[in-house]
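Read through the structure below, which is laid out as structure tokens, and then see the notes.
A quick note: this is a predicted structure, and the numbers were derived from the prediction, not measured.
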Amino acid sequence: MEEFTVRSISLQQVQNQTSHKTEGLSSTTVVLRRGQAFTVAINYDGRPFDPLKEKMIFSITLGPVTVDVPVSRLGQPSLTQWTAVLESPTAPGPTAPRVLSVSLSSPASASIGVYTLQLRVETRLGVGQHSVGQITLLCNPWSQADSVYLQSEDLRTEYVKSDNGVLFIGSAGNIFARPWSFDQYEKGILDICMKLLQLSPQYRADMRKDLQKSSNPVYIGRVISAMVNSNDDKGVVMGNWSGNYSDGVSPSMWTGSADILKKWAETQFRPVRYGQCWVFAAVMCTVMRALGIPTRVITNFNSAHDTDGNMVIEEYYDENGRKLSISSDSIWNFHVWVESWMKRPDLGRGYDGWQVLDATPQERSGGTFRCGPASVKAVYQQKVEAQYDVPFVYAEVNADVHEMIVRDGKVLSKTVDTRRVGALILTKLPGSMRRQDVTSEYKNERADMAFHALSTAGASKGVTVSLKLLNPPVVGENISFNVVITNNEAAPKQLKKHVNAQNKEYNRNPTGTFWEAHDDVKIGPNETVTAKHEITFKEYMLKEAADVFLVNLAVVIEDVKSQEKVLASEEFNIRSPTLNVQIQNESSVKINAAQVATVNFMNPFNTAVSGELTISGSGLLEEKAKMRVTIQPRETMKKPIDFTPRMAGFKLQSINLQQVQNQIRHKTDGLSSSTLVLRRGQAFTVLLSYEGRPFDPMTEKLIFRIILGPLSVEVPVSMSGQPSPTQWSAILERGVSDPTGPRALSVSLSSPASASVGVYTLQLRVENRWTLRTYLFGQFTLLCNPWSQADSVFLPSEDLRNEYVRNDFGLLFKGSPGNIAARPWSFDQYEKGILDICMKLLQLSPQYQADMGRDLQNRSNPVYIGRVISAMVNSNDDRGVLAGNWSGEYSDGVNPSKWSGSADILRMWAETQFKPVKYGQCWVFAAVMCTVMRALGIPTRVITNFNSAHDTNNNMVIEEYYSEMGEKLSFGKDSIWNFHVWVESWMKRPDLGQGYDGWQVLDPTPQERSGGTFRCGPAAVKAVYQQKVDVQYDVPFVYAEVNADVHIMIVKDGKVLSTSVDKKRVGALICTKYPGAMRMQDVTSEYKNERGESMMRAMSSTARSGEGATGRMAPKGVAVSLQLLKAPVVGENISFNVIITNTVAVPKLLRKHVNAQNKEYNRNPTRTLWEAHDDLKIGPNETVTIKHEIPFNNYMMKEAEEDYLVNLTVVIEDVKSQERVLATEEFNIRSPTLNVQIQNENVSVNTQQVATVNFTNPFSVPVSGELTVACSGLQERFQTRLTVQPRETMKIPVSFTPRLAGAKMIYASLVLRNPPIILHGFKTINVQAS
């Protein structure tokens, strides 16, 4: 057969660009993203490729740099280097050539650029070179290893793939949305963007260095920021703010980037004339998105241009109130830049994310006109030392404004305004053409900046002055305003008043004065004087046509005696006039009755005006009325229009909250409440039935009023748009026609993803020019939304959301690490009335009672909610749900072990007027809290920590004391609970900085106070794992619960005879229910850095000591351990061995003391239930095993319990040396279990089924007790009293009818009186919808 010969090579452009999400990008090359594999097809002739005979090596060249990549037969792509892996040969057809498929991968940090690929084939006969082609390699925000990785697909689509948007310009009080086409998919645009990089000064100065640095988006951003403007290089756009654009294009004429970039390329890369800030930003956004770097356009209203870097904008006025152009500093009405998303390893941790890049040539950065990337987080945190250009950007949004009155170079007075700059910072909302307010991402304290930006007042020692517009200024009308002067002193004053009005450009200081007034004022002691002024239209009218006039108005008040001066200023727009329409007889307008409307307009101008008047009316006029009119100066036009209404006016009949449809969409179906139940950050639909003519947004306004306690927000219904994740919105969806009933409007209402959890009241106000009517919709309960990416409780996995939010049953784990008991629990969040009780729980909190408004605002934050509920589930400080009791005496309440679900507890609490329910212990507190949190939409799971330390003095150490007889002593307040149960809730933790989102420990069991209240958490599990004990809330306490050291001491007469340290016992096993299964999930490794064999050590019966894995404590030759011979079961004797080893070559006389004590799970042992003491002799190097038995009658307790706990200890004393060694074991004695079976596994909603509960009495005496069978979603529970003879098997059939579909649990408990134990059993069933 012929030798292996390469015929052709294909870069498979279509397939590769589709998988790399670069389809649509136009280039002469194949366009790929770094850090992602792409496939090359090699067509060959002759025999198959043999890696023992041939070597294939790809040469990948970028400028002067080449890397050789040998093709390997197997392996995985590397994120740090180029790789080439042979995928699989394609079986040849009769005529088709053979094909090898090779998977090539670039590193995730590869440089951006145009690469040349060649293939070299080396054989024993020679070397063959083959051209593969060129690829353009871009950044990859889809790759987690890339420094521009952006987690959300929606955001990647918006900030990389979207080729259109809006830019916001104007002023903070009058914003204009300007459409822009970014055009990155237009033909040739990507190649032009790559050429832009090649024309940079950096590339031309040192190509190799530039190409190496092009792996870093920080570097790329700085290069492009400079290259978009033309001030230092062959950049794209030339700036012009002169107003004269005769030799180019007015910046306002551009509508997209393609025209600009193509013109730049077609003119041999000469700067395109002209641009201003929004043009520079939009072109830069195009280039960055084309290169794969997520980018958005930002507008900063009242943007400071701080030329001297002192974080201050100086504004100078003369004594007459005229603003002077002395300083090079200025405040632009708006300024536009971009933000790009990238990591910032150069700044250290905490500064990844959005970075400001500004291509408008304002100031030099590193010797070049450019700006950034400046970390937005650094700006927010005021880290002005962080590179690049953070001080400049910080000043743009935060600079103080120093207003100074000057004369002959001398400052006469000075005031400081800290609010005006950065009044509002906006970008386009992802997925819609609406705006998104991002001011809070830049500024620590936003307050009401827009208001502060629009008004300032001045004050000297005794005089204050302010400006007040009497009416909104309208073009053609006089501007009326008051100057309000107050004398704050008890002496009269002689004042001079200077008022000045100037025209203003958006990015510059005012130009000429068009009006001024000067006069003297006498003002009495503590008097306020108001002086009215008017500026006529003739005085302010501009010569050039303009949509909006911008005016800077200032007043200076001078105290003649002291010569102190005070200033106030105001900037405002002058709006265009409006037409006035009146109806002759409004009260008698009826269908088919002729009426007259009059259109009124007074010409405010000093010349005649002419134009076309158009009148229309839905259901009033057959067609539009048009006429040409001419109106003389100051003349009032009155044009009567005859019309005959053809249908009745819009009249609302009824409102439908569509509870069933909305709750299904919001995944709240099944939750029982007296209100509609919704999740925040998600749209819901309401139906407005009406009669009369169709709704006309030009005639009526529909305004929803959404009320939460003392808080309310008004939400006008808009005709189009997209929901906002940051604010309430109401969007008209469609008209719904019904031939048999009234017509209807469908309105989509959306709450912000950060809305407060609570019960809202919904009102609708219908306004027209004549009437205003308010309708009460009803109430809805708003919950957190783990299905919404914008919600701080968002959980990515649907399986986990189903488990930790929707699942209404589970397992609680108790016992000891070596003998775990799984306890069924019904969380019952779907039971009737439970959600309403959970909402009532929030209302009864001390926080709500003390300050309702503040509490409701804070309820947007799951961290706050968690702390409130953690305190309210126990009753130690408030009217909480449960009273704790660990005494063993429960006669005035319910034994905690008898509870099997949360609904009984929560209902009892509500039915007794919210008196604490008696009693709970840790697993009950945790299970009830899990119910409340899941009901509120916060993902929550129940956690058990075996060998849980209760460190009362915060020293991370638990001291245990034993007598020389082996009896454990109750010294000190510290203890180790055999198990302790808490919950984890899933949420973001912005209060802790990056890295602490996810599971948070919350513990309602009242152990210690947190912030003065018995509660615990939320403590970030990641903080516990990282040992960040300085992190709030309560991380040190939780860390000690799972990690505390145990100091074990044998004492006599107050003297310590021996001490050992155990670093492994605490937190031996931490577990929860496995999602989707009724088994245990070990989560110890999420809490503990070095778990090792902690579970094994905790289960081992060797002595607890500081000797590591063996747990042995053997002073001078003696070791001892305890060995249980079988798992202890209630009703049987406990059999165990004491194993003693003499490890030295001499005999020993020993004393052995064995002690067994009853133990509560959360405390030190109480009474000794059994003990044995004797002497023994042991030979050299001998091991002695001594068997013991503890009879059932010795350990049986009086009070019913699920599990008996025993502390077993042996102390061995060397008679000669009097040294002692101790071994201890704590274990639980398991109760028998109930077996639950279903007769027919095909269970359907509302279909009667039969379950059978089976139990064999293992005791030698008859047992009697009460059997309870219940199920989440059952119509009612089953209870019966029974007696079971020795060894008899009980079989109790129970009929039940499921009322909810989905995974459900039927569970049984049997409370026996003699012996006093509680038995449990359960069976999970999948209930099908009927």
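- Looking only at side-chain heavy atoms (C-beta outward), Ile905 and Leu882 come within less than 4.5 Å of each other.
- Although no hydrogens or angles enter the test, the distance criterion places no donor-acceptor pair under 3.5 Å between the side chain of Gln1249 and the main chain of Thr1297.
- Closest of all the heavy-atom pairs between Gly815 and Asn1228 is CA-ND2, 3.7 Å.
- Within the 4.5 Å cutoff, side-chain heavy atoms of Val757 are placed close to those of Met839.
- Leu795 contributes atom CG, which lies 6.0 Å from atom CH2 of Trp999 (distance to the nearest 0.5 angstrom).
- Taking every heavy atom of both residues into account, Pro1262 and Gln1285 meet most closely at CG-OE1, 3.5 Å.
- Note that the CH2 atom of Trp1170 and the CG atom of Asn1194 stand 9.0 Å from one another [nearest 0.5 Å].
- At least one side-chain heavy atom of Asn807 sits less than 4.5 Å from a side-chain heavy atom of Lys1073.
- Listed for the Asn1155 side chain is no donor-acceptor partner under 3.5 Å among the backbone atoms of Thr1209.
- Between Arg941 and Glu803 there is no salt bridge, since no side-chain nitrogen of the basic residue lies less than 4.0 Å from a carboxylate oxygen of the acidic one.
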Given side-chain contact (heavy atoms from CB on, under 4.5 Å), test Val1024 with Glu1086 step by step and report yes or no.
-> CA-CA 9 Å; Val1024 175; Glu1086 296 180 21; over 6 Å; no
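- In this model, no donor atom of one side chain and acceptor atom of the other lie less than 3.5 Å apart for Ser797 and Asp799.
- The environment of CD in Gln1239 is sparse: at most 12 heavy-atom neighbours from other residues, nucleotides or ligands sit within 6.0 Å.
- A donor-acceptor pair under 3.5 Å is formed between the side chain of Thr931 and the backbone N or O of Phe827.
- Under a 3.5 Å cut-off, the side chain of Arg934 and the backbone N or O of Arg806 do not form any donor-acceptor pair.
- Of all the heavy atoms in Thr675 and Thr781, the pair that sits closest is OG1-OG1, 2.7 Å.
- Between Asn945 and Gly1067, the shortest heavy-atom contact is OD1-CA, 3.3 Å.
- A donor and an acceptor atom, one from each side chain of Gln1328 and Ser1244, are nowhere located under 3.5 Å apart.
- Here the OG-CD distance, from Ser948 to Glu1041, works out to 4.0 Å after rounding to the nearest 0.5 Å.
- In this structure, Tyr890 contributes its side chain and Lys918 its backbone to no donor-acceptor pair below 3.5 Å.
- No side-chain heavy atom of Glu1008 sits under 4.5 Å from any side-chain heavy atom of Cys1016.
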Are Ile869 and Leu1002 close enough, and set up right, to give a side-chain contact (heavy atoms from CB on, under 4.5 Å), and what steps lead you there?
-> CA-CA 9 Å; Ile869 294 172; Leu1002 284 156; over 6 Å; no
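- In this structure, Asn874 contributes its side chain and Pro1004 its backbone to a donor-acceptor pair below 3.5 Å.
- Taking the side chain as every heavy atom from C-beta outward, Trp899 and Val928 never approach each other to under 4.5 Å.
- For the pair Phe979 and Ile820, the minimum side-chain heavy-atom distance is 4.5 Å or more.
- Salt-bridge annotation for Glu1226 and Arg1065: absent, with no side-chain N of the basic residue lying under 4.0 Å from a carboxylate O of the acidic one.
- Relative ring orientation between Phe1192 and Phe1259 is described as parallel, the plane-to-plane angle staying below 30° on a 0-90° scale split at 30° and 60°.
- Cys930 SG to Glu984 CD: the interatomic distance, rounded to the nearest 0.5 Å, is 11.0 Å.
- Judged by distance alone, the side chain of Thr1289 and the main-chain N or O of Thr1256 form no donor-acceptor pair under 3.5 Å.
- Heavy-atom neighbours of Met1290 CE from other residues, nucleotides or ligands within 6.0 Å: above the threshold of 12.
- At least one side-chain heavy atom of Phe946 sits under 4.5 Å from a side-chain heavy atom of Cys1071.
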Decide yes or no on side chain to side chain donor-acceptor pair (under 3.5 Å) for Glu1189 and Ser1135, but give the supporting numbers first.
-> CA-CA 5 Å; Glu1189 277 199 350; Ser1135 298; 3.0 Å; yes
Start with the C-alpha gap between Trp986 and Leu800, add the side-chain angles, then the distance that decides, and say whether side-chain contact (heavy atoms from CB on, under 4.5 Å) holds.
-> CA-CA 11 Å; Trp986 182 275; Leu800 297 187; over 6 Å; no
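- Inter-residue side-chain proximity for Pro1258 and Val1129 is flagged as unmet; no heavy-atom pair is nearer than 4.5 Å.
- No side-chain donor-acceptor contact under 3.5 Å links Thr1013 to the backbone of Ser1010.
- Look at Asp1034 and Arg867 and you find a salt bridge, because one of the NZ, NE, NH1 or NH2 atoms lies within 4.0 Å of a carboxylate O, short of that distance.
- Scanning all heavy atoms of the two residues, the minimum distance from Pro1232 to Phe1255 falls at CB-CE1, 4.1 Å.
- Thr1072 contributes a side-chain N or O that, together with a main-chain N or O of Val942, makes up a donor-acceptor pair within less than 3.5 Å.
- A salt bridge links Asp877 and Arg1009; the closest N-O separation between the charged side-chain nitrogens and carboxylate oxygens is under 4.0 Å.
- Here the CG atom belonging to Leu783 is positioned 6.5 Å from the CG atom belonging to Leu936, to the nearest 0.5 angstrom.
- In this structure, the separation between OG on Ser902 and CD1 on Ile837 is 11.0 Å, given to the nearest 0.5 Å.
- No side-chain donor-acceptor contact under 3.5 Å links Trp923 and Thr944.
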Trace of the side-chain contact (heavy atoms from CB on, under 4.5 Å) decision for Thr1280 with Val1269 = CA-CA 9 Å; Thr1280 185; Val1269 184; over 6 Å; no
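- Checking side-chain atoms of Arg907 against main-chain N and O of Lys832 turns up a donor-acceptor pair under 3.5 Å.
- Ring-plane geometry between Phe925 and Trp886 is classed as parallel, the angle between the planes falling under 30 degrees on a 0 to 90 degree scale with a further cut at 60.
- Summarising the geometry of Ser816 relative to Phe1227, their closest heavy-atom pair is OG-CA, 4.0 Å, with the distance given to 0.1 Å.
- In this pair, His950 and Phe1037 present their aromatic rings perpendicular. The plane angle is above 60°, beyond the 30 to 60° band.
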